[in-house]
Amino acid sequence: MMAGAAGLVAAAVGLGLAEVIAGVSRNFRSPVVAVGDRVVDFVPGPIKDVAIAVFGNDDKVALLVGIGLVLAIYAIVTGIVADRRHPRWGDAGITLFAVVGATAAIADRIGVKWSAGIPSVVGGVAAILMLRLLLKPLPSQWGESLSPTQAGHTPDVTHPSQRRRFIAGLAAATVGSAVLAGSGRRLQRRFEAEPARQTLTLPESQNPLPDAPPTIQVPSAATFFTPNDDFYRVDTALVVPQVDVSTWTLAVTGMVGESLTISYGDLLERPLIEADITMTCVSNTIGGGLVGTARWLGVRLDELLEEAGVEPAADQIVGRSVDGYTCGFPTAALDGRDALVAVGMNGEALPLDHGFPARLVVPGIYGYASATKWLTEIELTTFEQFDHYWVPRGYARQAPIKMQSRIDSPRGLDKIAAEPTVIGGVAWAQPLGISAVEVSIDDGPWTEADLADELSGSTWRQWSLPWEPSPGRHTITVRAVDNNKAIQTEQRSEPLPNGASGHHTIVVLVAEQ
Ligand SMILES: Nc1nc2c(c(=O)[nH]1)N[C@H]1C(S)=C(S)[C@@H](COP(=O)(O)O)O[C@H]1N2
Ligand SMILES: [Mo]
């Protein structure tokens, strides 16, 4: 019991000190975050989809809590084993622990950086010393003699005075670890990018767009633009990368005539355009919320690539993030659509969660394959030569967004009154656009819904349909038709490997009068 507590507290002191060291240099990495990142990298796609489905935007918190639990159990067991056997067992257990942290930190997605492991090593040494200290019998100078059975190496906690001192030591170390962790976190705040972002004013766009199209606003249905705070977030970054814009660069490399290196200032001096684009995650389930529309501000990707000169043999554009994440999509996708290196989102500098200082946004291609956040390199290559991040994890190399439609109002299983109402939602088929949305009640004939005006095929389209429900249980099904007159398939498929398909159907309960 007591030895377990000692193990736990020693680990906490080690981890707390590691956080402080991680705050000393940008190159150092917190072992907890590093291990979390590697877990994210090695988790198979289907489990990722389940985690997103269960925890939604809290999937990262869930992972950190999980890592914390495993760590705690390991630390307790290490303490107990060190106590029962020999302190050396504790040393070994903690060393293993530190090696795992250091390895995770040193070999990340980008490559090997030895200095990244320093916090783990320092923390490991501190934890070893702490555990030894806590489990050491108190010297007889305290005026207490050890009982003959306590010939071992640990304090005799049955002895009131030793017990008191052991608990005092434990308490002090606990407080110490909290102070360390807290100051470590505060120290790491020096690297935060939000203060710099706050001071930025982005240049005006060259093509100011009209306000959002006149929307048909059905209560509780999606608004045309998704506010930044409500915009879904999906990424592998356990801790949001904090990019220093004063040193950040965007490189255009690979199969190009001339490589480019562009600073943030250079990027803002280029012609910036606005484009309304609906982004969609491949993990979005039928009727799900991993989709949103924003007015993006950025440099046209085709103009940038034209300047670099793409070699004809290149067929893949890879976007690389500062944290090593990669997306990849066909060069053929640049067919005139508004693909951007975006710096602004809905009238402000790109929020940190959404890729500050710059990201890719490509209409019509799922986010995992196109929308690299915290972008630092655009590499021209071939699909044969390079698999982007999610490909070895089971997702498709090429990932055009599937046409989809969603019922937002009423919600599934809502109980509504038997009076005239309006059904409403959104439908998307980027970059082609939606030409019609049809609704079927109780598997009856398809009825055409009203559509909001279309500004571009790259955004979703809001739809609505008046309905006079009769009392009882009803099903509502929606399907979309794109601008090529293709009808959204009813064939169901899972998000893995290339996006969910099928119709969104809900059941509503209409009250008796
Ligand atoms: N650097 C980086 N960029 C990334 C990802 C990521 O994990 N890391 N995830 C991608 C995925 S799967 C999606 S759906 C979109 C989500 O963008 P958002 O979080 O701004 O909505 O970002 C893409 N860009
Ligand atoms: Mo995604």
Side-chain angles (χ1 to χ4, degrees), residues 36-41 43 45-46 48-49 51-53 56-60 63 108-110 193 225-243 248 250 277-285 288-296 298 317-329 339-346 348-379 388-391 393-396 399-402 404 428 430 460 494-500:
D37 278 345
R38 296 295 76 75
V39 172
V40 169
D41 285 350
V43 162
K48 171 207 135 191
D49 281 339
I52 289 175
N57 284 352
D58 295 327
D59 55 349
K60 298 191 173 68
L63 175 59
D108 69 4
R109 281 168 210 149
I110 302 175
F225 286 120
T226 315
N228 289 354
D229 287 343
D230 300 340
F231 209 97
Y232 79 92
R233 175 185 165 202
V234 172
D235 54 59
T236 57
L238 210 46
V239 171
V240 175
Q242 307 290 318
V243 175
W248 174 87
L250 172 61
I277 299 167
T278 297
M279 270 202 8
T280 315
C281 180
V282 70
S283 300
N284 194 34
T285 49
L290 299 181
V291 50
T293 302
R295 177 157 292 178
W296 306 93
I317 303 169
V318 168
R320 188 165 281 114
S321 163
V322 296
D323 68 357
Y325 180 87
T326 51
C327 290
F329 55 98
L340 296 182
V341 174
V343 292
M345 180 179 185
N346 288 329
E348 52 175 304
L350 214 52
L352 261 66
D353 283 357
H354 298 290
F356 179 80
R359 76 174 305 169
L360 287 168
V361 184
V362 183
I365 297 176
Y366 284 119
Y368 83 94
S370 68
T372 306
K373 304 195 271 189
W374 315 292
L375 181 69
T376 189
E377 184 182 353
I378 299 170
E379 186 189 356
H388 52 95
Y389 183 87
W390 282 108
V391 174
R393 294 166 176 83
Y395 284 84
I401 294 174
K402 295 180 182 176
Q404 263 304 329
W428 59 91
Q430 314 95 305
W460 60 19
E494 294 298 311
L496 191 78
N498 65 353

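Order of appearance sets the numbers: ligands from 1, and atoms from 1 within every ligand.
- By the 30° and 60° cut-offs, the orientation of the rings of Tyr395 relative to Tyr368 is tilted.
- With a heavy-atom cut-off of 4.0 Å, Tyr325 touches ligand 1 through its side chain alone.
- Looking only at atom types and distance, the side chain of Asp41 has a donor-acceptor partner in the side chain of Tyr389 under 3.5 Å away.
- Close approach to Gly367 involves these atoms of ligand 1, each under 4.0 Å from a residue heavy atom: 10 (C), 11 (C), 13 (C), 14 (S), 23 (C).
- If you number the atoms of ligand 1 from 1 as listed, the ones under 4.0 Å from a heavy atom of Ser321 come out as 1 (N).
- Atoms of ligand 1 lying under 4.0 Å from any heavy atom of Trp374, numbered from 1 in the order shown and given with element: 1 (N), 2 (C), 8 (N).
- Note: His354 and Phe231 have perpendicular aromatic rings, judged against thresholds of 30 and 60 degrees for the angle between ring planes.
- Taking distance alone, with nitrogen or oxygen atoms compared against 3.5 Å, Thr236 approaches ligand 1 more closely than that limit.
- With respect to atom 24 (N) of ligand 1, the closest heavy atom belonging to the protein is Ala371 O, 2.9 Å.
- Contact atoms of ligand 1 toward Cys281: 14 (S) (distance under 4.0 Å to a heavy atom of the residue).
- In terms of polar-atom proximity, defined here as any N/O pair under 3.5 Å, Arg359 does make such a contact with ligand 1.
- Annotation for Gly324 and Ile110: closest pair CA-CG1, 3.6 Å, computed over non-hydrogen atoms.
- Which of His354, Arg320, Lys373 comes nearest to atom 3 (N) of ligand 1 through a heavy atom is settled by distance: it is Lys373.
- Within ligand 1, the atoms closer than 4.0 Å to a non-hydrogen atom of Arg233 are 19 (O), numbered from 1 in the order shown.
- Using modelled atom types, no side-chain atom of Lys373 and backbone atom of Ser321 make a donor-acceptor pair closer than 3.5 Å.
- Only the side chain of Phe231 comes within contact range of ligand 1, with a heavy atom under 4.0 Å; no backbone atom does.
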request  = With side chain to side chain contact (heavy atoms under 4.5 Å, CB included) as the test, would you mind laying out the steps for Ile365 and Gln430 before giving the verdict?
outcome  = CA-CA 8 Å; Ile365 297 176; Gln430 314 95 305; over 6 Å; no
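- Residues Thr326 and Glu379 have side chains that never bring a donor and an acceptor to within less than 3.5 angstrom of each other.
- Annotation for Lys402 and Asn498: closest pair NZ-OD1, 3.1 Å, computed over non-hydrogen atoms.
- Polar contact check, Tyr232 against ligand 1: a nitrogen or oxygen pair lies under 3.5 Å apart.
- Using a 4.0 angstrom heavy-atom cutoff, Ala237 does not count as in contact with ligand 1.
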inquiry  = Applying side chain to side chain donor-acceptor pair (under 3.5 Å) to Thr278 and Trp460, what does each step give before you reach the verdict?
reply    = CA-CA 6 Å; Thr278 297; Trp460 60 19; 4.6 Å; no
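- Protein heavy atom closest to atom 6 (C) of ligand 1, with residue, atom name and distance, is Asp235 CB, 3.3 Å.
- Checked by distance only, ligand 1 and Val234 come closer than 3.5 Å through their nitrogen or oxygen atoms.
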inquiry  = The test is salt bridge (charged side-chain N to carboxylate O under 4.0 Å, His left out); show your working for Lys60 and Asp235 and say whether it passes.
reply    = CA-CA 9 Å; Lys60 298 191 173 68; Asp235 54 59; 3.1 Å; yes
